[in-house]
Amino acid sequence: MTTLTRQDLNFGQVIADILCEFLEVAIHLILYVREVYPSGIFQKRKKYNVPVQMSCHPELNQYIQDTLHCVKPLIEKNDAEKVVVVIMDKEHHPVERFVFEISQPPLLSISSETLLSHVEQLLRAFILKISVCDAILNNNPPGCSFTVLVHTRDAATRNMEKVQVIKDFPWIVADEQEVHMQEPRLIPLKTMTSDIVKMQLYVEERAQKT
Amino acid sequence: DQARSDPTSASDKKVILLPCKNPPNRERVHLWLEARKQYECLQKWRREAGLL
């Protein structure tokens with residue numbers, strides 16, 4: 001059994017890889033469950049040993065991959081406080097926000113076995129909660145779109161700029177319109193605490209969607 | 001590290017970022033889906049007609 005420590009060069013990278021892989025699955029599933037795109041572009045796959053819906057639209061898939069490719073260096077350095085999938089109405093006002101609040105606790109050492117099996121089990125629960133969240137959310141108005149917000153610090157954005165893809169996929173500071181939501185209803189979905197990462201997912205839903 | 005520990009530092013200011021580019025819109029994706037269905041129908045017809 002391999003033991004990893006924070007001092008290991010790849011440790012942050014391992015966590016970022018695990019979380020970005022999870023976020024990719026989660027974003028696809030949110031877009032499917034909340035009907036942002038036609039259901040015909042989604043195909044059933046198996047991730048974390050549970051069935052999920054993943055898009056097969058090349059441009060959309062590339063967009064999600066590019067987004068996460070830019071977010072990864074922030075997660076690697078523990079600089080991404082929140083990753084938020086925002087569903088917006090036709091006027092580009094947020095109607096729903098899926099907030100992934102991430103923190104990495106200080107760690108002395110960890111076994112690779114813990115990394116792979118325990119975390120995967122915890123992430124599976126998030127996927128299952130997302131797949132049934134439509135039952136507790138109100139329907140969205142037609143013609144919605146989405147974006148991904150990342151809450152970070154000004155200094156940390158330098159890590160993002162080092163990524164090659166950023167040149168073709170620039171990021172900007174969000175406007176008030178993209179962030180503000182009137183009277184949001186808060187719906188906690190799932191919380192996980194492991195040796196390597198703490199994460200909670202909640203949805204903020206606009207009271208009046210139409 | 002000094003900037004990080006000092007909450008008043010300008011470089012430690014919290015920011016919310018988003019990609020400048022937008023994802024493909026629903027209409028565009030819908031058109032792609034229709035085109036793919038038509039292509040698949042055509043391919044099926046070609047196979048059945050022995051053209052492939």
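Summarising the geometry, atom NE2 belonging to H57(A) is positioned 7.0 Å from atom CZ belonging to R28(B); distances are rounded to the nearest 0.5 Å. Taking CD1 from I172(A) and CD1 from I16(B), the interatomic distance works out to 12.5 Å, rounded to the nearest 0.5 Å. Interatomic distance, NZ of K14(B) versus NE2 of H151(A), reported as 9.5 Å (0.5 Å rounding). Note that CG of L18(B) is 5.5 Å distant from CG of L149(A), once rounded to the nearest 0.5 Å. Atom CZ of residue F42(A) and atom CG of residue L33(B) lie 10.5 Å apart, to the nearest 0.5 angstrom.
More than 12 heavy-atom neighbours from other residues, nucleotides or ligands sit within 6.0 angstrom of NE2 on H93(A). Applying the 6.0 Å contact sphere to OH of Y32(A) captures no more than 12 heavy atoms from other residues, nucleotides or ligands. For E204(A), the CD atom counts as densely surrounded, since its 6.0 Å shell holds more than 12 non-hydrogen atoms of other residues, nucleotides or ligands. The neighbour count for E91(A) CD, taken as heavy atoms of other residues, nucleotides or ligands under 6.0 Å away, is above 12. For K209(A), the NZ atom counts as densely surrounded, since its 6.0 Å shell holds more than 12 non-hydrogen atoms of other residues, nucleotides or ligands. Heavy-atom neighbours of E40(B) CD from other residues, nucleotides or ligands within 6.0 Å: above the threshold of 12.
Put simply, the side chain of Y37(A) never gets that close to the backbone of N25(B): no donor and acceptor are under 3.5 Å apart.
Heavy-atom distances place the side chain of E81(A), and not its backbone, under 4.5 Å from chain B. For V71(A), no part lies near chain B; criterion is any non-hydrogen pair under 4.5 Å. Residue contact with chain B, scored on non-hydrogen atoms closer than 4.5 Å, involves the side chain of V179(A) exclusively.
Two residues are said to be in side-chain contact when any heavy atoms from C-beta on lie closer than 4.5 Å; S145(A) and N22(B) fail this criterion. No side-chain heavy atom of P142(A) sits less than 4.5 Å from a side-chain heavy atom of R26(B). C20(B) has its side chain out of reach of F169(A): every pair of non-hydrogen atoms, C-beta onward, lies at least 4.5 Å apart.
Here the shortest heavy-atom pairing between R36(B) and G40(A) reads NH2-O, 4.0 Å.
Contact residues of residues 43-50 of chain B toward chain A are absent (heavy-atom distance under 4.5 Å).
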Going through the checks in order, is the side chain to side chain contact (heavy atoms under 4.5 Å, CB included) test met by W32(B) and I41(A)?
-> CA-CA 9 Å; W32(B) 175 86; I41(A) 68 157; 3.9 Å; yes

Could you give me the CA-CA distance, side-chain angles and deciding distance for T152(A) and L17(B), then say whether side chain to side chain contact (heavy atoms under 4.5 Å, CB included) is met?
-> CA-CA 8 Å; T152(A) 183; L17(B) 304 174; 3.9 Å; yes

